[in-house]
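Indexing begins at 1, ligand by ligand and atom by atom, following the structure's order. Starting from 1, each residue takes its place in the sequence as its number.
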Amino acid sequence: MHKIKVNLKERGYDILIGKGIITRSSALKDHVSGRSCLVMTDSNVGRIYGAYVMKALKNAGTTAHVVSFKAGESSKNIDTFGKMLRHACRAGLDRSSVIVALGGGVPGDVAGFVAASYMRGVKLIQIPTSLLAMVDSSVGGKTGIDLPEGKNLVGVFWQPSLVLIDPSVLKTLPKREIRCGLAEIVKYGVIMDDKFFSFLEKNLYGIKKMEPNTYGKIIARCCELKAKVVCADERETTGLRAILNYGHTFGHAIETVTGYGKFAHGEAVSIGMCMAANLAIQCNKFALDNKFSQELANRQKYLLQAIGLPTSLCTGISPVKIYKAMFKDKKAEKGKLRLVLPVRIGKVSIVKDVKAEDVMEAIESVVS
Ligand code: NAD
Ligand code: GLY
């Protein structure tokens, strides 16, 4: 078993990673014994893993209930939030109770927001089951829901008390979801860890073959990196946490312009990272200390392609529309773009003053 500490003092917690951990009561005992628990999950994950988690909770000495909602981003809304709160009430949860988020980022965000709101806040345990949730959303305390007006517009920071990651549940995750998680994993290499990036390049066989050992190492390293960022900038006030948005401003714009569904989020982020890399080259074209070279951009592109992620857009998608959509990003400040651009593999910087023509050129550079 691998243990990672998120050192947030009184809000600190452990991330425990291990095969079969979700079936073990020992990992849960200290957190749930003598308290009532409500497992919140979605229709897919609840069907496959709900009973295992319920058994582990009961063996850990708690009365547990489970509630599920329809799987998918469309459930991450006010209606589901309200229903889950009312379930908590009807299940008799009190201020000492624990909410367990079981599933991908959607149950994680919804259940996290319910835990933060119910009786002004109860304990939360995250049990992520998608690769994205294991390496990103379950760690760091961002919770929330979407509005018809936009994604993630309502929510709060609410740190979990424990994160339990069982990589063996990835065997039932659809391959496309695995690839989407891998886009975020490549992102960690580019933004903060060149050695990890090289590890990914060297372990493509294990990645494609879903080798448990390889995934165990990858998930643990990503959790360490995310924990480091979160501890340095828990509430995204200093700007450091924003580096996690590498490729995302372009990615969200691609999702908006192509219509949600054509590209999954991770696929759009993959193309977005290629645009950001090309923009870094473009911005540095005339700088003497130009570090981010075409060679590095190609390394990123080849790794993404080898994983099976898209790195280009087909003609017919308007670069101008993508450019305009980028200004709708939550991270745009007073009508100005704030972009995370690579300096080298393993380091990024946040750039505020990018010229429109450079951004346009970067978008056009990936249209094939
Ligand atoms: P998701 O929760 O919808 O999961 C994707 C699909 O995989 C769903 O159909 C789900 O039922 C299924 N699934 C999950 N685990 C499974 C398993 N082990 N076996 C079989 N099927 C499984 O989406 P996601 O991609 O996990 O997360 C995306 C969400 O996360 C978005 O809403 C995004 O905004 C949010 N997010 C939050 C943060 C954060 O810091 N809070 C960070 C990144 C993303
Ligand atoms: N996924 C972005 C963050 O947690 O800040």
| task | Verify whether the ring centers belonging to H65 and H87 lie closer than 6.0 Å. | result | no
| said: Would you say the rings of F113 and F81 are close, in the sense that their centroids are separated by under 6.0 Å? | reply: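 Ring centroids of F81 and F113 are less than 6.0 Å from each other.
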In terms of atom number and element, which parts of ligand 1 are under 4.0 angstrom from non-hydrogen atoms of [X]?
X: K151; value: 31 (C), 33 (C), 34 (O)
X: N44; value: 9 (O), 10 (C), 11 (O)
X: V45; value: 11 (O), 13 (N), 14 (C), 15 (N), 16 (C), 22 (C)
X: Y49; value: 18 (N)
X: D136; value: 42 (C), 43 (C)
X: K76; value: 31 (C), 32 (O), 33 (C), 34 (O), 35 (C)

Around [atom], find the nearest protein heavy atom and jot down its residue, atom name and distance.
atom: atom 44 (C) of ligand 1; value: L132 CD2, 3.7 Å
atom: atom 1 (N) of ligand 2; value: D136 OD1, 3.0 Å
atom: atom 4 (O) of ligand 2; value: K226 NZ, 2.6 Å
atom: atom 5 (O) of ligand 2; value: R241 NE, 2.7 Å
atom: atom 13 (N) of ligand 1; value: L173 CD1, 3.6 Å
atom: atom 24 (P) of ligand 1; value: G105 N, 3.5 Å

Out of [options], who gets a non-hydrogen atom closest to [atom]?
atom: atom 14 (C) of ligand 1; options: I178, T129, V106; answer: T129
atom: atom 31 (C) of ligand 1; options: E73, M134, H265; answer: E73
atom: atom 26 (O) of ligand 1; options: S130, G112, S74; answer: S130
atom: atom 25 (O) of ligand 1; options: E177, R241, K226; answer: E177

| query | Does the side chain to side chain donor-acceptor pair (under 3.5 Å) test come out yes or no for E255 and H248, once each step is laid out? | reply | CA-CA 10 Å; E255 284 179 277; H248 283 60; over 6 Å; no
| Expected output: side-chain Y246 to main-chain L341 donor-acceptor under 3.5 Å | no
| field | Check: N152 side chain, D146 main-chain N or O, donor-acceptor pair, under 3.5 Å | value |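 Side chain of N152 to backbone of D146, a donor-acceptor pair under 3.5 Å: no, none is there.
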| message | Under 3.5 Å, is there a donor on one side chain and an acceptor on the other for N203 and T214? | response | no
Distance-only N or O hit between ligand 1 and [X], under 3.5 Å:
X: D109; answer: yes
X: P107; answer: no
X: A71; answer: no

| message | I want to check something: taking the side chain as every heavy atom from C-beta on, are I178 and M210 in contact at a cut-off of under 4.5 Å? | response | yes
| message | Quick one, L16 and V163 - any side-chain contact, counting heavy atoms below 4.5 Å? | response |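 Contact flag for L16/V163 side chains = no.
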| field | side chain to side chain contact (heavy atoms under 4.5 Å, CB included) involving S25 - partner list, sequence neighbours excluded | value | N59, A60
| field | Ligand-side contact atoms (ligand 2) for residue partner K142, heavy atom cut-off under 4.0 Å | value |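 Counting atoms of ligand 2 from 1, those under 4.0 Å from K142 are 2 (C), 3 (C), 4 (O), 5 (O).
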| message | Students often mix this up, so state it plainly: with edges at 30° and 60°, are the rings of Y49 and Y52 parallel, tilted or perpendicular? | response | tilted
| So which pairs with a foot in residues 26-43 pass side chain to side chain donor-acceptor pair (under 3.5 Å), sequence neighbours left out? | S36-S97
